[in-house]
Protein chains: 2
Amino acid sequence: MTITKSLEGDGKTLMASVYDRLRADIVDGVRRPGAKLRFDELKETYGVGLSPLREALTRLAAEKLVVLEEHKGFRVAPISRSDLHDLLFMRQEVEMLGIRRSIERGDDQWEAAIVAAIHALGKRVNLTPDGHIDPEWELRHRAFHDSLVAACGSPRLLLLRAQLTDHADRYRRLSHYYHSAGRDHLSEHVALSEAVVSRQAELAERLIRAHLARTVEIILSCEDLQGDGFDD
Amino acid sequence: MTITKSLEGDGKTLMASVYDRLRADIVDGVRRPGAKLRFDELKETYGVGLSPLREALTRLAAEKLVVLEEHKGFRVAPISRSDLHDLLFMRQEVEMLGIRRSIERGDDQWEAAIVAAIHALGKRVNLTPDGHIDPEWELRHRAFHDSLVAACGSPRLLLLRAQLTDHADRYRRLSHYYHSAGRDHLSEHVALSEAVVSRQAELAERLIRAHLARTVEIILSCEDLQGDGFDD
DNA sequence: TTATAATTGATATTCGAAAATCATTGGATT
DNA sequence: AATCCAATGATTTTCGAATATCAATTATAA
């Protein structure tokens, strides 16, 4: 019960905080692809000095969410068809690998977590009555997909997968994905969960592959992206 | 003509330069795993201020070559058996994927570049008469392996692969890999090149898998690593 | 008019000092 | 003797000013 003096409440460094907020703004599409990131403006909006800003931007540049041109500053990473294709390719391979390995190594607890996650997901619909995405559904959706690969046992694979997911989320939100989604999510997810839990690796791989490809097709079909240099 | 004062001549930013040197020192093992990276010392040795140093370290942290503990500073990333296993796993999968895809998509020029690379590699032996690694051989070795995956067409895969290669190089140099190498490198590489050029994907995948596994076995067999907390 | 050079303004980069945090030592209390 | 608290020192984190670079505009010459 040490009355440790730490009562500021965050403990997080300024750079970590501005990194989180900046990344969220980019992934959410608030910062448009290709948009210039000027320090004066950033200093203003996030209320921090140059040092934490530069550090946060450097970190984001390493993850390819922003690009740095020497002596010209930072920009939000551009988007393109070819990049989206490359992203899909990597996601298919990485998800397949994560699922295959988890099937090989996962125990009963891993199986149980998947069953729990798909159950929780089924209790929600992806759209609220007024046509917006249910944030709680999005959380459970991500938790479900995480549960599938949770037993793969590879920190590097999981880190890479998390980064790819961020990129994919940005594309999905930049398009108006959910507006055109009459698609039956739940049955796809149920089929996937059953294939994984019953350890049918080949089937699961086919399903996740198709699942990811389908979302990209939908993204490409809503051509809301043209305004951001999406002409490659 | 412009007597502009800019006569330093590099064009590279200070942070880029210190990033390169710092990364080289870490990969070469000059900076030992787990070693503290204090700013006073770094400022001294690299002759730059805090800002470019922090930025370079942040970038290296994103690549997992250094780790950042908040308010405690930066350290060289530790090494461990489990991390080495994870690295091997990822390298096997990524190399396999890159080769498989290159076999699917590569053209005659790609094939020709491989033939050229293996030929150049065969003209050198890996060790100089006095028992050191021939730097020119190392260059050609890397060029050969690069040539195998050069036609995969995925920027993300190539970037990931480059990062994994850096990590692997660090482990190899931290161990005294080449001291214990009576191993026949050339025949392995020749077999690999022939499998790839003749588009035998399954054989090539088996070979690259074994090739990577063998180097890790050698690294683990020279137990020069114990001094750096390699007890996980 | 066109093209080249110089100037200005805007912006990114870097440095050195100030503020905040962590680790360690020494002293007081039980 | 052991434990907890306070104070010191070392180090990181952050800020604001100075420097260097880039981009756009004006001026000059062909």
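Within every chain, numbering begins at 1; the chains are lettered A, B, ... in the order of the sequence lines, protein sequences first and strands thereafter.
The side chain of A:L14 approaches D:dC15 more closely than any other nucleotide in the set D:dC15, D:dT13, D:dC22. Comparing atom distances between the B:L50 side chain and each of C:dT13, D:dT12, D:dT14 picks out D:dT14 as nearest. Which of D:dT13, C:dA12, D:dT14 sits closest to the side chain of B:L68 comes down to D:dT13. Residue B:R38 has its side chain nearest to D:dT12 when only D:dT12, D:dT14, C:dT13 are considered.
For A:R101 and B:F89, the positive end sits near the middle of the six-membered ring, less than 6.0 Å away and at most 45° from its axis.
Ring planes of A:H141 and A:H145: perpendicular class, angle over 60° (limits at 30 and 60°).
Position along DNA chain D of the nearest nucleotide to A:E70 versus A:M15 favours A:M15 as the more 5'-ward residue. Residues A:H71 and A:V48 both approach DNA chain D. Their nearest nucleotides, taken by heavy-atom distance, put A:V48 toward the 5′ side.
Remark: P of D:dT13 and CD of B:E69 are 10 Å apart, rounded to the nearest angstrom. One can place CG of B:L57 at 14 Å from P of C:dT14, the figure rounded to the nearest angstrom. Atom P of nucleotide C:dG16 and atom CD of B:E44 are separated by 13 Å, given to the nearest angstrom. In this entry the distance linking NZ of A:K12 with C1' of C:dT21 reads 17 Å, nearest Å. Per the geometry, CZ belonging to B:R59 stands 12 Å off P belonging to C:dT13, to the nearest Å. With rounding to whole Å, A:F39 atom CZ is found 6 Å from C:dA12 atom P. Between B:E41 atom CD and D:dT12 atom P there is a gap of 10 Å when expressed in whole angstrom units.
Between C:dA12 and A:R54, no contact under 4.0 Å exists linking OP1 or OP2 to a side-chain N or O. A sub-4.0 Å separation between OP1 or OP2 of C:dA12 and a side-chain N or O of A:K36 is present. Under 4.0 angstrom from either OP1 or OP2 of C:dA23 there lies at least one side-chain N or O belonging to B:K72. Of the side-chain N and O atoms in A:T13, none sit less than 4.0 angstrom from OP1 or OP2 of D:dT12.
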Run A:H185 and A:H189 through side chain to side chain donor-acceptor pair (under 3.5 Å) and show every step you take. CA-CA 6 Å; A:H185 283 90; A:H189 288 126; over 6 Å; no
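Defined by atom type and a distance below 3.5 Å, a donor-acceptor pair is missing between the side-chain atoms of A:D134 and A:T128.
If you check every strand for non-hydrogen atoms under 4.0 Å, A:L53 touches nothing. B:K43 comes within 4.0 angstrom of nothing in the nucleic acid, heavy atoms only. Among the protein residues, A:L37 comes within range of the sugar-phosphate backbone only, with heavy atoms under 4.0 Å from sugar or phosphate atoms but none that close to a base.
Within the 4.5 Å cutoff, no side-chain heavy atoms of B:V216 are placed close to those of B:Y171.
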